[in-house]
Engineer: 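The structure's right below; bear with me while I get my questions together.
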Amino acid sequence: MRDYQSLTHTKWDCKYHVVFIPKRRKKAIFGAIRKHLGELLHELARQRECRIVEGHLMADHVHMCISIPPKHSVSYVVGYIKGKSAISIARRFMGKAKNFTGESFWARGYFVSTVGLDEEVVRAYIRNQEKEDEHYDQLKFGL
């Protein structure tokens, strides 16, 4: 039996596979930024009553399986997470001023797919993403 979550009048299980990238797919997620982002993304999700079930930060993109209650739209939650994390990165690592909006870290769009009954497959894919990318790179260069 699946574990459903509850709101006042709703039982739900809404999980999404979300991927987003830094502007121009720069390899900007490493070192202190990577450590900071890992904690920050979980905190931002909690602030919107969401939970990151599985996540992986690559140098040039972010993968996450996120549980979002049906009272929030996916675009609202992803926009909130990307916006607040960009502001945090700008303030902490780029020395920007208090009122900086953070629009220069993440690219505008994102990928989203519903997880449905394939949750374990999606979570395994996210967990093993780095190995998959390395394997693909080796094939591409003929190694």
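Note that the numbering runs from 1 along the sequence shown for the chain. Every value quoted in this text rests on a predicted model; they were computed, and no experiment measured them.
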Engineer: Measure across A45 and I52 and return the closest heavy-atom pair with its distance rounded to 0.1 Å.
Structural biologist: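 What the structure gives for the nearest pair is CB-CG1, 3.9 Å.
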Engineer: Decide yes or no for L44 and V77: does some side-chain heavy atom of the first lie under 4.5 Å from some side-chain heavy atom of the second?
Structural biologist: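 The answer is no, as the side chains (C-beta and beyond) never meet within the 4.5 Å cut-off.
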Engineer: Distance check, rounded to the nearest 0.5 Å: M64 atom CE versus C50 atom SG?
Structural biologist: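 Those atoms lie 10.0 Å apart.
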Engineer: In Å and rounded to the nearest 0.5 Å, what is the CZ to NZ distance from R51 to K15?
Structural biologist: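 If I round to the nearest 0.5 Å, the distance is 6.0 Å.
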Engineer: Could you work out, with side chain to side chain donor-acceptor pair (under 3.5 Å) as the rule, every residue matching S75, not counting sequence neighbours?
Structural biologist: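 Once residues adjacent in sequence are excluded, the partners of S75 under the side chain to side chain donor-acceptor pair (under 3.5 Å) criterion are S73.
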Engineer: Do you reckon V78 sits in the same ILVMFWY cluster as V122, going by side-chain contacts under 4.5 Å, direct or chained?
Structural biologist: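 Not linked; separate clusters.
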Engineer: What are the two closest heavy atoms between G109 and F20, and how far apart are they?
Structural biologist: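 Result for this residue pair: O-CB, 4.1 Å.
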Engineer: Mind checking the CD1-OH spacing from I66 to Y16? Nearest 0.5 Å is all I need.
Structural biologist: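 Nearest 0.5 Å value for the CD1-OH distance: 10.0 Å.
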Engineer: Check C65 against R123 and note the closest heavy-atom contact, atom names and distance.
Structural biologist: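 Closest approach of C65 to R123: SG-CG, 4.3 Å.
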Engineer: Output, in order, the C-alpha distance, side-chain angles, deciding distance and verdict of side-chain contact (heavy atoms from CB on, under 4.5 Å) for H17 and I126.
Structural biologist: CA-CA 9 Å; H17 178 204; I126 291 169; 3.7 Å; yes
Engineer: Working to the nearest 0.5 angstrom, can you tell me the gap between I89 CD1 and F105 CZ?
Structural biologist: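 One gets 4.0 Å once the value is rounded to the nearest 0.5 Å.
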Engineer: Any donor-acceptor pair under 3.5 Å linking the side-chain atoms of S85 with those of W106?
Structural biologist: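 Yes - a donor-acceptor pair under 3.5 Å links their side chains.
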Engineer: Under the side chain to side chain donor-acceptor pair (under 3.5 Å) rule, collect the residues that match up with H61, sequence neighbours excluded.
Structural biologist: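 In terms of side chain to side chain donor-acceptor pair (under 3.5 Å), with neighbours along the sequence ignored, H61 is linked to R25, H63.
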Engineer: Quick check against the 3.5 Å criterion: does K82 have a side-chain atom that pairs as donor or acceptor with the backbone of R108?
Structural biologist: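 Checked: pair present.
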Engineer: Please say yes or no: joined through hydrophobic side-chain contacts below 4.5 Å, possibly via intermediate residues, are L37 and F93 part of one cluster?
Structural biologist: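 As far as the 4.5 Å side-chain criterion goes, F93 and L37 are connected within one cluster.
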Engineer: Rounded to the nearest 0.5 Å, how far does NZ of K35 lie from CD1 of I29?
Structural biologist: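 Rounded to the nearest 0.5 Å, the CD1-NZ separation comes out at 16.0 Å.
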Engineer: Could you give me the CA-CA distance, side-chain angles and deciding distance for M58 and K27, then say whether side-chain contact (heavy atoms from CB on, under 4.5 Å) is met?
Structural biologist: CA-CA 8 Å; M58 301 290 289; K27 295 186 184 293; over 6 Å; no
Engineer: Check the hydrophobic clustering (I, L, V, M, F, W, Y; side-chain heavy atoms under 4.5 Å; chains of links allowed) and say if V115 and V74 are grouped together.
Structural biologist: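 In one cluster: no.
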Engineer: Which pair of heavy atoms, one from D60 and one from P22, lies closest together, and at what distance?
Structural biologist: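 That would be O-CD, 3.2 Å.
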Engineer: Side chains of R127 and H56: do they bring a donor and an acceptor to under 3.5 Å?
Structural biologist: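 There is no such pair (donor and acceptor under 3.5 Å, judged by atom type) between the side chains of R127 and H56.
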Engineer: Does V121 belong to the same Ile/Leu/Val/Met/Phe/Trp/Tyr cluster as V53, with side-chain heavy atoms less than 4.5 Å apart forming each link?
Structural biologist: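 As far as the 4.5 Å side-chain criterion goes, V53 and V121 are not connected within one cluster.
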Engineer: If you group Ile, Leu, Val, Met, Phe, Trp and Tyr by side-chain heavy-atom gaps below 4.5 Å, do Y80 and V62 land in one group?
Structural biologist: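 Both belong to a single hydrophobic cluster.
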Engineer: Enter the distance from I81:CD1 to Q47:CD here, rounded to the nearest 0.5 Å.
Structural biologist: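 Nearest 0.5 Å value for the CD1-CD distance: 9.5 Å.
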